[in-house]
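Note that ligands are numbered from 1 as they come in the structure, with each ligand's atoms numbered from 1 the same way. All values reported here derive from a predicted model rather than from experimental measurement.
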Amino acid sequence: MNLSVNFCGINFPNPTVVASGYLGVTGASLANCIKHGSGGVTGKTLFMDERPGHPNPTILTFPGGIINAVGLSGEGIKNAKHEFDKYRELAPENPVIGSVAGKNIDELVEVARIMEEYPVDMLELNFSCPNVDDEMGRPIACDPQMTANATRAVRKVVKKPISVKVSPNVPNIGLIAQQAEAEGADAITAVNTMGPGMLIDIKMRRPTLSNKVGGVSGQALKPIAIRCVYDIYKAVKIPIIATGGIINGRDAIEMLMAGGSLLGIGSAIVAHDLKCFDMITDKIREFMQEEGFSDISELVGLAHKS
Ligand SMILES: Cc1cc2nc3c(=O)[nH]c(=O)nc-3n(C[C@H](O)[C@H](O)[C@H](O)COP(=O)(O)O)c2cc1C
């Protein structure tokens, strides 16, 4: 039974990859996910400079999932190199994806250029965080032309594989993915959080998040994320890191059948802690055995064939 995935020429021993922003600030915490069964990991998104992010409260849970407005806090690309070195030392065999963003396209290109020099296997371009105020006014992935321009600019300077992370908050996600593919993206990560959404503190009589609004993830996002992956699979030939509301093995199998080759794991960590990786791969293996599949690639896009 083969659960390993060759993704853009990189070998993942199983399809689970920690999603950006989850346990991704230090190399040691990412390597700990590998120790617990994750196939690969994605680092927290980095900009050029250190960013404080939004004040607390920034992360809330509700019965359907999570709402967050962390605001992409981080130490800045130049201060983060030692975390990737540490990861490589602790987890030399498992792929790591470096996530990058910029206040504008020039900054994005510069951050990507620096990230390429780090010991990462591929880059993820975060074009889709819904709750940061950057100079572009809205996430790049909300506009086909901006997506094309930004992908082209990074492609010019980066040789390692790049995955463009897209937003569910668009009416035309297939078109956005096509723009990224046409400008040289090797993969699509789908999706980032949806919204923005809001929760109200009824005693304080005001929005609970300090930023008032935040991106919604988890179970509430799952059916939207599956539809996005399905639409993208139809629209492009490049592979997809399917992310959004995967809590258990069944969700993971649905995402594979929608068209994901790798599975971005976030919510499942919140729901089950680090045992979620083995839980998900065990369930996929069991399903494959019961249904007579021998290679995980046979599941990818299966929902399109019936
Ligand atoms: C607290 C938090 C922080 C996040 N930070 C990032 C980030 O830095 N970069 C990014 O591309 N996505 C970030 N995300 C989005 C996740 O990577 C993922 O795309 C999204 O949450 C959907 O997956 P999930 O439902 O499994 O959480 C963050 C999500 C959460 C909940």
Peer 1: Does the plane of the ring in Phe287 sit parallel, tilted or perpendicular to the ring in Phe293? Use 30° and 60° as the thresholds.
Peer 2: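 Parallel, since the angle between the ring planes stays under 30°.
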Peer 1: Backbone N or O of Pro55 within a donor-acceptor pair of the Ser210 side chain at under 3.5 Å?
Peer 2: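 Judged by distance alone, yes, a pair lies under 3.5 Å.
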Peer 1: Which heavy atom of Asn94 sits nearest a heavy atom of Tyr87, and at what distance?
Peer 2: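 In terms of heavy atoms, the two residues are closest at O-OH, 3.0 Å.
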Peer 1: Closest approach of Gly195 and Asn169, non-hydrogen atoms and distance?
Peer 2: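 Shortest heavy-atom separation between Gly195 and Asn169 comes out as N-OD1, 2.9 Å.
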Peer 1: Apply side-chain contact (heavy atoms from CB on, under 4.5 Å) to residues Leu108 and Val154 and explain how you reach the verdict.
Peer 2: CA-CA 8 Å; Leu108 168 75; Val154 174; 3.7 Å; yes
Peer 1: Can you pull out the closest protein heavy atom to atom 1 (C) of ligand 1? Residue, atom name and distance to 0.1 Å, please.
Peer 2: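 Its nearest protein heavy-atom neighbour is Ile59 CD1, 3.6 Å.
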Peer 1: Need the ligand 1 atom indices (1-based, order shown) with element for anything under 4.0 Å from a heavy-atom of Gly266.
Peer 2: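 The list of qualifying atoms is 26 (O).
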Peer 1: Hey, looking at atom 30 (C) of ligand 1, which of Asn68, Leu46, Leu221, Leu263 has the closest heavy atom?
Peer 2: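 The residue whose heavy atom sits nearest atom 30 (C) of ligand 1 is Asn68.
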Peer 1: Among Arg88, His82, Lys81, find the residue that satisfies the side-chain hydrogen bond (donor to acceptor under 3.5 Å, both in side chains) test when tested with Asp85.
Peer 2: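 Considering Arg88, His82, Lys81, a side-chain hydrogen bond (donor to acceptor under 3.5 Å, both in side chains) with Asp85 is found only for Lys81.
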Peer 1: Just going by heavy-atom distances, which of Ser128, Ala225, Ala190, Gly245 is nearest to atom 25 (O) of ligand 1?
Peer 2: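 It is Gly245 whose heavy atom sits nearest to atom 25 (O) of ligand 1.
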Peer 1: Under 4.0 Å from a heavy atom of Thr243: give me the atoms of ligand 1 that qualify, with their elements.
Peer 2: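 So the answer, numbered in order with elements, is 18 (C), 19 (O), 23 (O).
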Peer 1: Quick one: which of Thr193, Ile247, Val216 has a heavy atom closest to atom 20 (C) of ligand 1?
Peer 2: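 Nearest option to atom 20 (C) of ligand 1, by heavy atoms: Thr193.
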Peer 1: I want to confirm something. Looking only at heavy atoms, which of Ser73, Ser20, Ala19, Ala242 is nearest to atom 13 (C) of ligand 1?
Peer 2: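 Nearest option to atom 13 (C) of ligand 1, by heavy atoms: Ser20.
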Peer 1: Would Ile265 count as being in polar contact with ligand 1, using the rule that some N or O on each side must be under 3.5 angstrom apart?
Peer 2: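 For ligand 1, there is no N or O atom that lies under 3.5 Å from one belonging to Ile265.
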Peer 1: Distance under 4.0 Å to a non-hydrogen atom of Thr45: what atoms of ligand 1 satisfy this?
Peer 2: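 Contacts of ligand 1 toward Thr45, numbered from 1: 7 (C), 8 (O), 9 (N), 10 (C), 11 (O).
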Peer 1: Short list, please: which atoms of ligand 1 are under 4.0 Å from a heavy atom of Gly218?
Peer 2: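 Selected atoms, number and element: 25 (O).
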Peer 1: Can you list the ligand 1 atoms lying under 4.0 Å from a non-hydrogen atom of Lys165?
Peer 2: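 Those atoms are 10 (C), 11 (O), 12 (N), 15 (C), 16 (C), 17 (O), 18 (C), 19 (O).
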Peer 1: Check if Gly264 has a non-hydrogen atom at a distance under 4.0 Å from any atom of ligand 1.
Peer 2: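 No; Gly264 lies far enough from ligand 1 that no heavy-atom distance drops under 4.0 Å.
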Peer 1: Passes salt bridge (Lys or Arg N to Asp or Glu O under 4.0 Å), Asp251 versus Lys222? Steps please.
Peer 2: CA-CA 8 Å; Asp251 299 333; Lys222 178 189 142 179; 2.6 Å; yes
Peer 1: Do the side-chain N and O atoms of Thr45 and Asn126 include a donor-acceptor pair separated by under 3.5 angstrom?
Peer 2: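 Looking only at side-chain atoms, Asn126 and Thr45 do form a donor-acceptor pair, the distance falling under 3.5 Å.
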Peer 1: Should you measure from each heavy atom of Lys44, which atoms of ligand 1 turn up under 4.0 Å away?
Peer 2: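 Near Lys44, meaning under 4.0 Å from one of its heavy atoms, ligand 1 has 5 (N), 6 (C), 7 (C), 8 (O).
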Peer 1: Under a heavy-atom criterion of less than 4.0 Å, does Val270 contact ligand 1?
Peer 2: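 Val270: no contact with ligand 1 (<4.0 Å).
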Peer 1: Starting at CE of Met122, measure out to OG1 of Thr189 and round the result to the nearest 0.5 Å.
Peer 2: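 It is 6.5 Å, given to the nearest 0.5 Å.
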Peer 1: Using the rule given for side-chain contact (heavy atoms from CB on, under 4.5 Å), can you reason through Lys103 versus Asp49, listing the C-alpha separation, both sets of side-chain angles and the distance that settles it, and then say yes or no?
Peer 2: CA-CA 10 Å; Lys103 292 195 295 291; Asp49 298 320; 4.0 Å; yes
Peer 1: To check your reading of the model: name the closest protein heavy atom to atom 21 (O) of ligand 1, its residue, and the distance in Å.
Peer 2: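 For atom 21 (O) of ligand 1, the nearest protein heavy atom is Ser217 CB, 3.3 Å.
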Peer 1: I need the nearest protein heavy-atom contact for atom 27 (O) of ligand 1: residue, atom name and distance, please.
Peer 2: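 In this structure, atom 27 (O) of ligand 1 has Tyr22 OH, 2.7 Å as its nearest protein heavy atom.
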Peer 1: Quick one: sort the Tyr118 and Phe84 rings into parallel, tilted or perpendicular, breaks at 30° and 60°.
Peer 2: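 Geometry flag for Phe84 against Tyr118: tilted rings.
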Peer 1: Within a distance under 4.0 Å of any heavy atom of Ser267, pick out the atoms of ligand 1 and give their elements.
Peer 2: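 Going through ligand 1 atom by atom, the ones under 4.0 Å from Ser267 are 24 (P), 25 (O), 26 (O), 27 (O).
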Peer 1: Heavy-atom contacts with Asn192 under 4.0 Å: which atoms of ligand 1 show up? List them by number with element.
Peer 2: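 Once the distances to Asn192 are compared, the set is 10 (C), 11 (O), 12 (N), 15 (C), 19 (O).
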